[in-house]
Amino acid sequence: MTGTLYLIPNHLGLSDGPADPLAHIIPEQVRQITSQLDYFVAENAKTARAFLKLIGNQHPLAKPLQEITISELNVNTPAQALAGLLAPLLAGRDAGLVSEAGVPAVADPGADLVRLAHQHGIKVRPLVGPSSILLAVMASGLNGQSFAFNGYLPTDAALRAKRIKELEVRSRTEKQTQLFIETPYRNAAMLEALVAQCAPSTLICVATDLSLDTESVQTWNGAQWKKQLAAGKAPDFHKKPTVFLLLGQ
């Protein structure tokens, strides 16, 4: 019998103070399941160990942390290495797939391993946890019936402007919310580009530090954002994880 591949949500960031910082983010059942596994596939082994240490503070781990196997799967992992990552499951060992933040296999390289697991008849069990994409859609006030996540936009200013225009046209035509993210230190440049390229009526949402004490979600149309920025009232989002959303009107 093959093992089960558990898709384990990670936190989006931690707030200072709570004795159990995961309590309001990761459900109890998820933490219990995680604590009983001794094989994990993760984007970054160091980050995964830090997460497991937090789990272990409240739920004793199946093995000492240094004896738990953590194999890395990230953008640099060659496709031919996936079979090796799956081998323990084919031998009957349960495993946990952990993302760097949020839920695995969504805007995450873990999707390739999940697909391969299905091809080998391995049971895949997604566990409940935070997704910055869904939290942003929920809090934005934009269309939650139809939306698309577009990952990162081009860093080149001209190409980024062209892409923003394309997404705005698509959003207006299909009445579909468009989501994307940016490297946190370029958040200000992204918002400025959105205000410059989008029509005054286009709704733009900036969702920062979702699930943290410093969480901020602001939705304005392009004209209102232009006034906000001109008045020096940009969001406090420098070097903070942020999701951007737009909806053409």
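No donor-acceptor pair under 3.5 Å is formed between the side chain of K226 and the backbone N or O of V195. The main-chain N or O of S140 is found under 3.5 Å from a side-chain atom of T219 such that the two form a donor-acceptor pair. A donor-acceptor pair under 3.5 Å is formed between the side chain of S171 and the backbone N or O of G248. The closest donor-acceptor contact from the side chain of N150 to the backbone of F180 lies at 3.5 Å or more, if one exists at all. For the pair R49 (side chain) and I70 (backbone), a donor-acceptor distance under 3.5 Å is absent. In terms of modelled atom types and a separation under 3.5 Å, the side chain of N221 and the main chain of L203 share no donor-acceptor contact. Remark: side-chain polar atoms of N187 are paired, donor with acceptor, to backbone N or O of K240 under 3.5 angstrom. Looking at D94, its side chain does come within 3.5 Å of a backbone N or O of T4 through a donor-acceptor pair. A donor-acceptor distance shorter than 3.5 angstrom exists from the side chain of T177 to the backbone of N143, with no hydrogens or angles considered.
The two residues F51 and P9 come nearest to each other via the heavy atoms CZ-O, 3.5 Å. For E72 against T77, the heavy-atom pair with the smallest separation is O-OG1, 3.7 Å. Nearest heavy-atom pair, L113 versus L82, reported as atom, atom and distance to 0.1 Å: CD1-O, 3.9 Å. K165 and Q197 get closest at one heavy-atom pair: NZ-O, 2.6 Å. Scanning all heavy atoms of the two residues, the minimum distance from H11 to I26 falls at N-CD1, 4.3 Å. Listed here is the closest heavy atom pair of L73 and P109: O-CG, 3.8 Å.
T202 OG1 to L194 CG: the interatomic distance, rounded to the nearest 0.5 Å, is 9.5 Å. Atom CD1 in I8 sits 3.5 Å away from atom OG1 in T34 (nearest 0.5 Å). Between N57 atom CG and L22 atom CG the span is 8.5 Å, to the nearest 0.5 Å.
Other residues, nucleotides and ligands contribute at most 12 non-hydrogen atoms within 6.0 Å of the NZ atom of K162.
A heavy-atom distance below 4.5 Å is found between the side chains of T183 and Y152. Here the side chains of I133 and V243 are not in contact, with every heavy-atom distance at 4.5 Å or above. L54 has its side chain within reach of P21: a pair of non-hydrogen atoms, C-beta onward, lies under 4.5 Å apart. In this structure the side chain of K227 never reaches within 4.5 angstrom of the side chain of W220, judged on heavy atoms. Counting heavy atoms from C-beta outward, K175 and Q145 have side chains that stay 4.5 Å or more apart. Within the 4.5 Å cutoff, side-chain heavy atoms of F149 are placed close to those of I181. Looking at L153 and F244, their side chains never come closer than 4.5 Å, going by heavy atoms from C-beta outward. L89 has its side chain out of reach of H120: every pair of non-hydrogen atoms, C-beta onward, lies at least 4.5 Å apart.
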*asked:* If you apply the rule side chain to side chain contact (heavy atoms under 4.5 Å, CB included), what do you find for R163 with L167, and how did you get there?
replied: CA-CA 6 Å; R163 184 62 174 147; L167 292 175; 3.7 Å; yes

*asked:* Show, in sequence, the C-alpha distance, side-chain angles and deciding distance for I68 and F40, and conclude whether the side chain to side chain contact (heavy atoms under 4.5 Å, CB included) test is met.
replied: CA-CA 8 Å; I68 291 177; F40 293 87; 3.6 Å; yes

*Using the side chain to side chain contact (heavy atoms under 4.5 Å, CB included) rule, take Q119 and L86 through it: C-alpha gap first, then chi angles, then the decisive distance, then the call.*
CA-CA 11 Å; Q119 292 173 1; L86 211 61; over 6 Å; no

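M138 and L212 fall into different hydrophobic clusters, defined by Ile, Leu, Val, Met, Phe, Trp and Tyr side-chain heavy atoms under 4.5 Å apart, directly or through other members. Placement of V114 and L85 within a single hydrophobic cluster is found when ILVMFWY residues are connected by side-chain heavy-atom separations under 4.5 Å, directly or transitively. L246 and V206 fall within the same hydrophobic cluster, where Ile, Leu, Val, Met, Phe, Trp and Tyr residues are linked whenever their side-chain heavy atoms come under 4.5 Å apart, directly or through other members. Hydrophobic clustering (ILVMFWY, side-chain heavy atoms < 4.5 Å, transitive): L65 and V98 are in one cluster. Hydrophobic cluster membership is shared by L97 and L116, with clusters built from Ile, Leu, Val, Met, Phe, Trp and Tyr side chains linked at under 4.5 angstrom.
Checking each of N74, N10, T47, N44 against E100 for a side-chain hydrogen bond (donor to acceptor under 3.5 Å, both in side chains) leaves exactly one that passes, namely T47.
Under the 3.5 Å distance criterion, with hydrogens and angles disregarded, no donor-acceptor pair is assigned to the side chains of Q228 and Q224.
The residues R170 and E166 are annotated as not salt-bridged, no charged nitrogen and carboxylate oxygen being separated by less than 4.0 angstrom.
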